Visitor: 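The structure is given below, and queries will be raised subsequently.
Only a predicted model underlies this, so the values are computations on that prediction, with no experimental measurement involved. Counting starts at 1 for both ligands and their atoms, following the listed order.
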Amino acid sequence: MKLTKRIGLIKPSPTLAITMKANALKAQGKDIIGFGAGEPDFDTPNHIKQAAVEAIEAGFTKYTPVGGVDELKDAIIQKLKSDNGLAYGRPQVAVSCGAKHTLYNLAQVLFEEGDEVLIPSPYWVSYPDIVVLTGAKPVILKTKAADGFKVLPEQLAGAITARTRALVLNSPSNPSGVAYSKAELEAFADILKDRDMLVLSDDIYEKILYDDFPFYNIASVSEAMKDKAVVVNGVSKTYAMTGWRIGYAAGPETVIDALTKLQSQNTSNPTSIAQKASVAALSGDQGCVADMVREFKRRRDAIVRGLNAIPGITCMNPQGAFYVFPDVSALYGRSFQGKRIAGSSEFSAYLLDEAGVAVVPGAEFGHDEHLRLSYATSMANIEKGVERIKEAVVKLD
Ligand code: PMP
Ligand code: GLU
């Protein structure tokens with residue numbers, strides 16, 4: 001069967017693939033600790049589920065406007081105003097089937113062959129492939145652990161060319177957990193405010209921040225950048241709603257119009273019932289978020305401590321999200337039963353086969369020296385998983 005060249009240019013999402021593999025092994029009865037899945041292990045809070053039940057019972061089960069119902073747009077507008085100090089009207093907001101879909105749609109309407117899109121690394125696995133599918137070129141801004149995995153202003157300035165169409169910023173970051181401060185974003189705004197390019201601000205982990213680290217995005221720190229930024233967010237991570245598939249964009253009306261036109265020719269509206277649930281999530285009591293973040297923090301502290309106690313592993317303490325991104329490169333070159341651990345893929349395969357622990361190779365995020373572990377799993381799993389990694393490391397020759 002002949003397939004397009006386009007589809008041959010991308011690979012299946014590695015984070016989803018590893019999660020599926022770990023689940024398949026579990027289903028076969030294998031004892032696997034999964035640090036692969038980038039999704040909260042908590043159940044969706046009850047008041048949100050209840051809103052969906054009510055929507056079904058009320059017959060709210062038909063097509064809605066393509067970019068989402070006004071009630072949800074208004075809840076998003078209210079959220080952006082009170083949390084981020086950003087004022088948008090309905091024509092500047094569109095709801096899609098998850099933030100991944102939002103980003104995909106944005107890329108399709110903004111980028112094409114000949115364009116360049118700046119993506120800091122380590123990056124979320126989907127950014128480069130979403131850009132590649134448009135014909136544009138992802139330009140990776142490689143950051144260093146020594147710089148806290150942050151892009152330096154001079155690095156950003158030096159990477160911009162006449163072809164640059166956008167910068168993708170994700171803070172707190174998947175996979176490093178690193179978050180940018182207000183001052184750091186202001187420095188980026190100074191560089192970008194007079195350029196003919198956009199910032200796609202992926203704020204999906206906005207609420208998952210620890211130790212009172214304050215959240216800012218580039219639009220909220222600079223008036224000039226508000227018209228040059230598209231804020232992307234969703235309910236998946238904040239409200240443990242990954243399966244509901246609701247994400248959204250807020251930004252210049254021309255971009256939102258184009259996104260909505262594209263969406264009218266592919267998915268049409270996001271699920272009506274999930275939209276009602278998202279209204280309840282955004283407008284309801286936020287206590288559930290605080291509870292989840294408190295638990296994530298306990299787990300972060302435990303996993304960072306546990307990993308740093310293993311000789312050969314160094315783990316930074318992330319400010320947010322629910323991932324750690326330890327450097328394990330000191331173990332490369334060692335072997336098990338004659339098989340050499342050459343990099344993050346071999347090390348991840350070794351951990352899965354020998355220790356029953358699923359992690360994602362750092363190479364998938366652009367940094368082969370590292371592994372990504374999601375700590376959106378129980379404390380018992382974290383303790384057991386870290387212990388297994390330790391035993392696996394000790395077994396290496
Ligand atoms: N951005 C980042 C950085 C993510 O980690 C995810 C998680 N899959 C998404 C966007 C998309 O989330 P969703 O499509 O579930 O809204
Ligand atoms: N964002 C999550 C992750 O990185 C979920 C899977 C995905 O969509 O990539 O693991």
Side-chain angles (χ1 to χ4, degrees), residues 10-23 34-42 44 68 72 76 94-107 119-131 149 167-180 199-209 215 217 230-250 263 267 270-271 274-275 277-278 281-282 296 318 320-325 348 358-367 370-377:
I10 63 163
K11 56 180 184 224
S13 163
T15 45
L16 293 177
I18 284 157
T19 308
M20 294 303 153
K21 187 168 175 194
N23 288 345
F35 290 127
E39 66 174 341
D41 54 320
F42 307 111
T44 304
L72 178 53
I76 291 166
V95 185
S96 300
C97 312
K100 188 186 274 183
H101 187 220
T102 302
L103 288 161
Y104 181 89
N105 284 344
L106 285 169
I119 302 178
S121 80
Y123 45 74
W124 177 42
V125 291
S126 291
Y127 295 145
D129 280 0
I130 285 175
V131 169
F149 286 124
L167 162 71
V168 182
L169 260 189
N170 175 220
S171 170
S173 147
N174 175 5
S176 70
V178 162
Y180 286 94
V199 175
L200 305 188
S201 181
D202 181 348
D203 299 355
I204 196 89
Y205 296 101
E206 165 183 14
K207 296 291 175 188
I208 306 172
L209 272 165
F215 176 83
N217 62 30
V230 184
V231 171
V232 175
N233 210 327
V235 296
S236 286
K237 317 286 171 170
T238 308
Y239 302 99
M241 289 178 72
T242 44
W244 299 75
R245 312 309 303 131
I246 295 288
Y248 58 87
Q263 190 160 294
T267 56
T271 308
Q275 289 189 61
S278 300
L282 290 169
F296 280 141
F322 38 65
Y323 308 103
V324 281
F325 199 56
S348 301
V359 303
V360 189
E364 306 289 4
F365 306 88
H367 288 242
H370 296 255
L371 300 179
R372 190 195 80 174
L373 286 79
S374 160
Y375 51 89
T377 187

Visitor: If you define the side chain from C-beta out and look only at heavy atoms, does anything of Phe322 sit under 4.5 Å from Pro40?
Guide: yes
Visitor: So, Ser374 side chain and Ala37 main chain: donor-acceptor pair closer than 3.5 Å or not?
Guide: yes
Visitor: Does Lys100 have any salt bridge (charged side-chain N to carboxylate O under 4.0 Å, His left out) partners at least two apart in sequence or in another chain, and if so, which?
Guide: none
Visitor: How close do Pro361 and Leu371 get, heavy atom to heavy atom, and via which atoms?
Guide: CA-CD2, 4.4 Å
Visitor: Judged by modelled atom types alone, do Gln263 and Ser96 share a side-chain donor-acceptor pair under 3.5 Å?
Guide: yes
Visitor: Below 4.0 Å from any atom of ligand 2, is there a heavy atom belonging to Ser126?
Guide: no
Visitor: Between Ser236, Ser13, Ala17, Gly38, flag the one that comes closest to atom 5 (C) of ligand 2 by a heavy atom.
Guide: Gly38
Visitor: Does some side-chain heavy atom of Thr15 sit less than 4.5 Å from a side-chain heavy atom of Phe365?
Guide: yes
Visitor: The criterion is side-chain contact (heavy atoms from CB on, under 4.5 Å); which residues satisfy it with Ala107, sequence neighbours excluded?
Guide: Phe111, Ile130, Thr134
Visitor: Atoms of ligand 2 less than 4.0 Å from Asn174 heavy atoms?
Guide: 1 (N), 3 (C), 4 (O)
Visitor: For Lys21, give me all partners under salt bridge (charged side-chain N to carboxylate O under 4.0 Å, His left out), at least two apart in sequence or on another chain.
Guide: none
Visitor: To the nearest 0.1 Å, how far is atom 8 (O) of ligand 2 from its closest protein heavy atom, and which atom is that?
Guide: Lys100 NZ, 3.0 Å
Visitor: I want to confirm something. Looking only at heavy atoms, which of Arg372, Glu39, Glu364 is nearest to atom 3 (C) of ligand 2?
Guide: Arg372
Visitor: What residues come within 4.0 Å of ligand 1, counting heavy atoms only?
Guide: Gly98, Ala99, Lys100, Trp124, Tyr127, Asn170, Asn174, Asp202, Ile204, Tyr205, Ser236, Lys237, Arg245
Visitor: Is there side-chain contact between Ser121 and His367, with heavy atoms separated by less than 4.5 Å?
Guide: yes
Visitor: What is the closest protein heavy atom to atom 7 (C) of ligand 2, and at what distance does it sit?
Guide: Thr15 OG1, 3.4 Å
Visitor: Could you tell me, atom by atom, which parts of ligand 2 come under 4.0 Å of a heavy atom of Lys237?
Guide: 1 (N), 2 (C), 5 (C)
